Amino acid sequence: MPTLFLNYINGQYVNAKSGRTFPNINPASTDEVVGLFQDSGTEDVHAAFDAAARAQPGWAALPAPRRGEYLFKAAEILESRLAKLGEEMTREEGKTLPEAKGEVKRAINIFRYFGGEGARAFSYQIPSERENVFCYTLRKPLGVVGLITPWNFPSAIPAWKMAPALVGGNTVMIKPASLAPLSAYRLVESLHEAGIPAGVLNYITGGGGSVGNAILEHSALRALSFTGSCEVGNQLHRKMAGRKVRIQLEMGGKNPTVVLRDADLDYAADILVNGAFFSTGQKCTACSRAIIEKVVYELLVEKLLTKTRKLKVGNGLEPGIDIGPAVDSNQLETDLKYIEIARNEGAQLLCGGTRVAGGAYDKGYFIEPTIFAGVTPEMRIAQEEVFGPVLALMVANDFDDAMRLANCVKFGLSASIVSRDLARVHQFINRIEAGLITVNLPTAGVEYQLPFGGTKESSFGMREQGPAALDFYTETRTVYLKYTQ
Ligand code: NAP
């Protein structure tokens with residue numbers, strides 16, 4: 001019998017009022033139910049909001065460094081269980097074990113970083129133009145905040161929202177993605193064991209349309225941080241219009257890597273393989289377009305194909321696997337649908353393109369890493385997010401043409417360039433329309449201590465992570481104090 005996981009409301013583990021559960025399935029081996037989770041609804045969300053609203057004044061009154069101590073304790077608990085949590089993540093999401101353990105480690109680092117922010121949440125002291133007047137700002141919490149997270153980084157994303165929200169003095173209501181709710185559950189459990197006061201943190205599982213919607217509609221909601229698809233993010237944006245709720249949306253990408261003529265082509269091929277195919281291409285920052293200067297195109301493509309053909313697809317728990325499965329049958333179908341669309345639009349399939357089948361593969365959602373050549377900007381494969389291991393190759397006549405191709409999409413999450421030409425690199429940094437810019441690195445691979453977020457249709461609102469995160473989760477108050485009468 002699979003393990004039953006409960007909601008966490010007001011410091012207690014409780015069943016959903018509906019009495020129903022839903023299964024969390026291993027995408028590499030669909031016979032395995034990783035756990036049963038609560039299929040919650042509006043009543044559960046209201047109970048969590050009541051608890052969070054009651055707990056908020058007491059939590060806000062606790063000095064911020066002491067709020068941070070709960071995160072330090074939770075980080076220690078998580079660290080002692082890192083191997084087990086990594087394995088669970090591979091089972092629920094499909095990414096390889098080294099990737100999963102790396103993500104748990106990242107969540108631990110995030111807890112430690114924001115634990116420290118409790119003692120570093122700086123405000124400003126600014127000179128007044130009047131005599132004997134002392135002016136400064138204060139940071140105040142917002143109240144109850146709602147966090148809605150996706151399945152692809154099931155530990156890191158909940159961690160990078162929860163930790164600054166808590167240390168900022170807010171109480172939290174988190175709804176993880178239904179495809180991978182266990183990793184966020186483990187974060188919540190670590191904070192419970194660290195002794196976080198009842199009601200400060202609440203975790204509820206269930207569908208986006210039910211739990212997600214009930215969070216949005218609750219009158220006590222003061223801020224909403226969402227990471228997920230543009231489709232859902234844009235719906236939430238419209239629903240929140242006119243309400244005085246702070247909102248942060250992190251959404252999709254169509255991220256380019258530009259390779260210039262002077263690049264080390266072996267190095268560039270490694271960067272493309274890493275950016276496009278690791279984590280099965282299921283990263284918002286994954287590279288899905290390689291824009292290559294014409295003079296080096298043929299040679300680079302040859303190297304890229306050699307490296308891609310060596311990648312091993314399989315169950316991420318097994319050693320030596322490079323690419324795990326798609327997260328579910330819907331994502332696999334989306335990947336295959338875009339491959340079909342690309343073929344029909346005239347792109348040339350260089351490798352991959354099919355589901356990996358036979359034997360144990362039949363129990364999972366495995367797909368070959370796929371490369372298309374001859375992709376032109378008007379094709380859907382050049383414009384739309386696939387969210388799978390599918391890379392579109394585009395030829396640029398020169399640097400200006402590469403910039404035109406790189407910027408001709410509605411998205412603007414991440415972008416990279418491979419070049420040793422310092423002038424070109426700086427021109428790229430100035431002209432590229434992306435929130436995250438990397439040089440001689442893959443488009444993916446962000447660190448928790450720097451701000452993160454995109455531009456154009458990829459993001460809306462303030463940045464996440466690093467010192468910027470606390471700006472979203474706190475409000476500035478301005479004080480003018482005349483110390484004589
Ligand atoms: P999704 O389908 O948009 O779901 C994201 C979250 O929203 C889930 O918890 C989902 O719940 C919930 N949700 C769905 N419908 C909702 C509604 N009507 N009201 C409120 N909540 C609702 O995205 P996903 O498939 O989980 O994640 C993949 C997407 O996330 C990709 O587009 C990727 O690029 C993006 N992403 C962006 C970033 C970034 O930082 N920019 C990072 C990672 C991923 P259910 O799971 O219950 O449906």
Side-chain angles (χ1 to χ4, degrees), residues 22-25 27 37-42 45 92-93 95 103 106 146-161 173-184 203-218 221 224-240 247-255 279-288 326-328 330-332 334-335 384-388 410-414 434-436 443-446 448 451-465 469:
F22 65 91
N24 176 7
I25 307 281
F37 286 80
Q38 301 302 307
D39 188 3
S40 316
T42 306
V45 172
E92 76 166 345
E93 202 268 357
K95 61 181 65 179
E103 186 180 334
R106 187 164 157 204
L147 312 178
I148 299 181
T149 56
W151 48 263
N152 68 325
F153 283 104
S155 187
I157 295 178
W160 84 48
K161 293 185 192 297
M173 164 73 239
I174 181 164
K175 187 210 105 54
S178 300
L179 286 172
L182 178 55
S183 299
Y203 162 99
I204 295 197
T205 52
S210 48
V211 173
N213 206 41
I215 293 175
L216 302 188
E217 288 180 350
H218 202 284
L221 184 72
L224 175 74
S225 180
F226 165 86
T227 299
S229 60
C230 286
E231 192 193 342
V232 174
N234 290 337
Q235 270 177 38
L236 303 195
H237 196 191
R238 282 192 292 274
K239 278 191 190 160
M240 302 306 280
I247 178 164
Q248 178 178 61
L249 306 170
E250 284 301 339
M251 300 170 287
K254 192 73 200 175
N255 312 304
S279 299
T280 324
Q282 297 176 149
K283 290 178 183 169
C284 53
T285 50
C287 168
S288 50
V327 74
D328 70 347
N330 286 336
Q331 186 59 56
L332 179 68
T334 301
D335 297 350
E384 296 172 21
E385 184 184 51
V386 179
F387 220 53
K410 68 178 181 180
F411 298 103
L413 190 55
S414 69
L436 173 73
T443 49
V446 303
Y448 55 87
F452 173 71
T455 183
K456 294 161 83 175
E457 289 290 312
S458 291
S459 301
F460 178 81
M462 294 178 195
R463 291 291 185 246
E464 298 203 86
Q465 304 196 70

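Indexing begins at 1, ligand by ligand and atom by atom, following the structure's order. The figures here come from the full heavy-atom set of this structure, side chains too, leaving out hydrogens, waters and symmetry mates. Here the structure is a predicted model, which means the values were calculated and not measured.
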With side chains defined as the heavy atoms from C-beta onward, is the minimum distance between Tyr448 and Gln465 less than 4.5 Å?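 With C-beta onward as the side chain, the pair touches.
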For a 4.5 angstrom cut-off between non-hydrogen side-chain atoms, does Ile247 reach Phe226?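 A side-chain contact is absent here, since even the closest heavy-atom pair is not under 4.5 Å.
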Select the closest option to atom 13 (N) of ligand 1 among Gly208, Ala180, Gly146, judged by heavy-atom distance.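 When every heavy atom of Gly208, Ala180, Gly146 is considered, Gly208 comes closest to atom 13 (N) of ligand 1.
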Given Leu179, Thr227, Ile148, identify the one with the heavy atom nearest to atom 5 (C) of ligand 1.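 It is Thr227 that holds the nearest heavy atom.
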Work out whether the distance between some heavy atom of [X] and some atom of ligand 1 is less than 4.0 Å.
X: Gly207; result: yes
X: Ile157; result: yes
X: Gly206; result: yes
X: Trp151; result: yes

Proximal ligand 1 atoms for [X], defined as those under 4.0 Å from one of its heavy atoms:
X: Gln235; value: 18 (N)
X: Phe226; value: 3 (O), 5 (C), 6 (C), 7 (O)
X: Gly212; value: 20 (C), 21 (N)
X: Thr149; value: 6 (C), 8 (C), 9 (O)

So which heavy atom on [X] is nearest to which on [Y], and how close?
X: Gln282; Y: Ala326; answer: OE1-CA, 3.2 Å
X: Gly208; Y: Lys175; answer: CA-CE, 4.0 Å
X: Gly228; Y: Pro150; answer: CA-CB, 4.3 Å

Which residue and atom name correspond to the protein heavy atom nearest [atom], and how close is it?
atom: atom 27 (O) of ligand 1; value: Pro150 CB, 3.4 Å
atom: atom 40 (O) of ligand 1; value: Phe452 CE2, 3.0 Å
atom: atom 36 (N) of ligand 1; value: Cys284 CB, 3.5 Å
atom: atom 47 (O) of ligand 1; value: Ser178 OG, 2.5 Å
atom: atom 28 (C) of ligand 1; value: Phe387 CE2, 3.6 Å
atom: atom 35 (C) of ligand 1; value: Gly228 O, 3.1 Å
atom: atom 11 (O) of ligand 1; value: Lys175 NZ, 3.0 Å

[X] N/O under 3.5 Å from ligand 1 N/O:
X: Ser229; answer: yes
X: Glu464; answer: no
X: Met251; answer: yes

Glu250/Leu413 under side chain to side chain contact (heavy atoms under 4.5 Å, CB included): CA gap, chis, key distance, verdict: CA-CA 9 Å; Glu250 284 301 339; Leu413 190 55; 4.2 Å; yes
Test item: side-chain donor near acceptor, [X] and [Y], under 3.5 Å:
X: Gln248; Y: Ser225; answer: yes
X: Asn255; Y: Lys283; answer: no
X: Glu92; Y: Asn24; answer: yes

Is [X] touching ligand 1 with its side chain, its backbone, both, or neither, if touching means heavy atoms under 4.0 Å apart?
X: Glu385; value: side chain
X: Leu413; value: side chain
X: Leu236; value: side chain
X: Asn152; value: side chain
X: Phe153; value: neither

Determine, stepwise, if the pair Lys95 / Phe153 fulfils side chain to side chain contact (heavy atoms under 4.5 Å, CB included). CA-CA 10 Å; Lys95 61 181 65 179; Phe153 283 104; 3.5 Å; yes
Take Asn152 and Glu93 through the side chain to side chain contact (heavy atoms under 4.5 Å, CB included) test and state the conclusion after the steps. CA-CA 7 Å; Asn152 68 325; Glu93 202 268 357; 4.1 Å; yes
Verdict with supporting geometry, Val386 and Lys254, side chain to side chain contact (heavy atoms under 4.5 Å, CB included): CA-CA 8 Å; Val386 179; Lys254 192 73 200 175; 4.0 Å; yes
Among Asp335, Asp328, Thr334, the one residue meeting side chain to side chain donor-acceptor pair (under 3.5 Å) with Gln331: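 Checked Asp335, Asp328, Thr334 against Gln331; only one passes side chain to side chain donor-acceptor pair (under 3.5 Å): Asp335.
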What is the ring orientation for Phe387 with Trp151, classed by angle as parallel under 30°, tilted 30 to 60°, or perpendicular over 60°?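 It falls in the perpendicular class, over 60°.
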Within the protein, is there a heavy atom lying under 4.0 Å from atom 25 (O) of ligand 1?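 Given the 4.0 Å limit, the answer for atom 25 (O) of ligand 1 is yes, a protein heavy atom qualifies.
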According to salt bridge (Lys or Arg N to Asp or Glu O under 4.0 Å), who are the partners of Glu385, at least two apart in sequence or on a separate chain?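 In terms of salt bridge (Lys or Arg N to Asp or Glu O under 4.0 Å), with neighbours along the sequence ignored, Glu385 is linked to no residue.
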